[in-house]
J.: 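One structure is given below, represented as structure tokens, and several questions about it will come after.
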Protein chains: 2
Amino acid sequence: MEKRKINPQEKIDQVIRAARKLFVKKGYRGVAIPEIVKESGVSVGAIYLHFGNKEKLAETVYEVTLRRFMGLFSERLSGKESIQGKLRAFSELAFEITEEDSEMMEYMLSVRKEIRSDLLLPLCSSDAFKEVQMIINDGIASGEIKSGSDLVAAVSYTGVIIRAVELRLQGVLEQPLQEISDELIKNAWAGIVAE
Amino acid sequence: MEKRKINPQEKIDQVIRAARKLFVKKGYRGVAIPEIVKESGVSVGAIYLHFGNKEKLAETVYEVTLRRFMGLFSERLSGKESIQGKLRAFSELAFEITEEDSEMMEYMLSVRKEIRSDLLLPLCSSDAFKEVQMIINDGIASGEIKSGSDLVAAVSYTGVIIRAVELRLQGVLEQPLQEISDELIKNAWAGIVAE
DNA sequence: GTCTATAGCCCGATAGAC
DNA sequence: GTCTATCGGGCTATAGAC
């Protein structure tokens, strides 16, 4: 703890942050390694030593971001018991991240199959979506959510939330999402609640 | 009509179609001109003669696709009088294009600011979205849609529809959208209808 | 371990034959 | 008008000094 020799992990984090920022702005192929060098302050050699190549770097950025989001989501979920409360927790987390770490949210929505890697699907279609879908399954089972396809219900609910995030990031929605959070969550819920 | 000399417009269209297909698959920067040559059967020289450069080609692809979508949308809207009917027309058009010309829909959802050009916002945030918002404004004025922010209502409705399209294109939704169209449209409407 | 310098490659755009 | 051959530039990845 007292040793204070420069932490290699710190450099790695700087590279990941810089890379994500640039990927969001210009896309994977639009970002050259020398740009990441300038943005992160870490040299080309160090980047290739730690990440191997550009594609591996992108995959690491993806995994770190995904892990962080799922961690935050789990935290928020704990303690919530009602279906409605869990879905509200998901929505409010999405809104908060959008306002407080818009770069992270923008990255999650913009990751596409630009990279050859087949593993890189848009974050919000993968684990987080599955988690929401399980919550909705429970809601249908308990009768709180109207019966029908559970997938359709999940699409309907998350659609409202994610679209709001997208349009906020694009500047179409000018107020912070927290200010319209209640209205949005009410609409999303109204779409799927049992009458 | 009998002259039958090769139509230059035909070649242009082939290039546009090929370029859009490849842009969807690999992103603007991921596509090299020689690939477009191979896909379209039109030579490098001809492409540069007609489009000037790669960026202009991308802009043309964008404009042509936008114009086509807005045209189809206008057609569908004519004759519809109720607010609910107009919104249904929008939704069903989106679902139909997704199933019958998935490349066009995927392009519309995937166009990002990859190109330097500032004019290229995601299609579904621009004119089509504004059109839907006007319909919703009318609905609020007439009392069919619950009062509140008109933007929020538009976000809520289109969110359900667009998210369904996205997940269908990604293969998460396995049935054709027409089969779940009614359920989706009912959910989207339930989110914003006056009680 | 970390850097800079550069090799090697591929792309966009053009020039000039037909 | 349409083609092919090619140039210059910028990229990723590596080699070798420190």
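Numbered from 1 within each chain, the chains take letters A, B, ... in sequence-line order.
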J.: Rounded to whole angstroms, how far apart are CZ on B/Phe51 and C1' on C/dG12?
T.: 16 Å
J.: What are the residues of residues 34-42 of chain A, sorted by number, that bring a heavy atom to within less than 4.0 Å of DNA chain C?
T.: none
J.: Apply salt bridge (charged side-chain N to carboxylate O under 4.0 Å, His left out) to B/Glu75 and list each qualifying residue two or more places apart in sequence or on a separate chain.
T.: none
J.: Quickly work out the A/Leu22 CG to D/dC11 P distance and round it to whole Å.
T.: 13 Å
J.: Establish, with yes or no, whether the OP1 or OP2 oxygen of D/dT2 is under 4.0 angstrom from a side-chain nitrogen or oxygen of B/His50.
T.: yes
J.: Regarding B/Glu39 and B/Lys21, does a basic nitrogen lie under 4.0 Å from an acidic carboxylate oxygen?
T.: yes
J.: Please state whether the phosphate of C/dC3, meaning OP1 or OP2, lies under 4.0 angstrom from any side-chain nitrogen or oxygen of A/Lys11.
T.: yes
J.: What nitrogen or oxygen pairs link the protein and nucleotides 13-16 of chain C at under 3.5 Å?
T.:
unit_1	atom_1	unit_2	atom_2	d
C/dA13	OP2	B/Tyr48	OH	2.9
C/dA13	OP2	B/Lys54	N	3.0

J.: In whole angstrom, what separates B/Gln14's CD from D/dT2's C1'?
T.: 14 Å
J.: Once you round it to whole Å, what is the distance between C1' of D/dA13 and CG of A/Leu57?
T.: 14 Å
J.: Take atom CD1 of A/Ile47 and atom P of D/dA13, then tell me their distance rounded to the nearest Å.
T.: 11 Å
J.: At what distance, to the nearest 0.5 angstrom, does CD1 of A/Ile135 lie from CG of A/Asp150?
T.: 13.0 Å
J.: So, A/Glu96 and A/Arg76, do they make that salt bridge, N to O below 4.0 Å?
T.: yes
J.: Should B/Lys86 and B/Glu81 count as an ion pair when the cut-off is N to O under 4.0 Å?
T.: no
J.: Could you check whether any side-chain heavy atom of B/His50 comes within less than 4.5 Å of a side-chain heavy atom of B/Val15, counting everything from C-beta outward?
T.: no
J.: Side chain to side chain contact (heavy atoms under 4.5 Å, CB included) between B/Ile161 and B/Phe95: does it pass, once the steps are laid out?
T.: CA-CA 8 Å; B/Ile161 306 305; B/Phe95 295 159; 3.7 Å; yes
J.: Ring centroid separation for B/Phe23 and B/Tyr107, is it under 6.0 angstrom?
T.: no
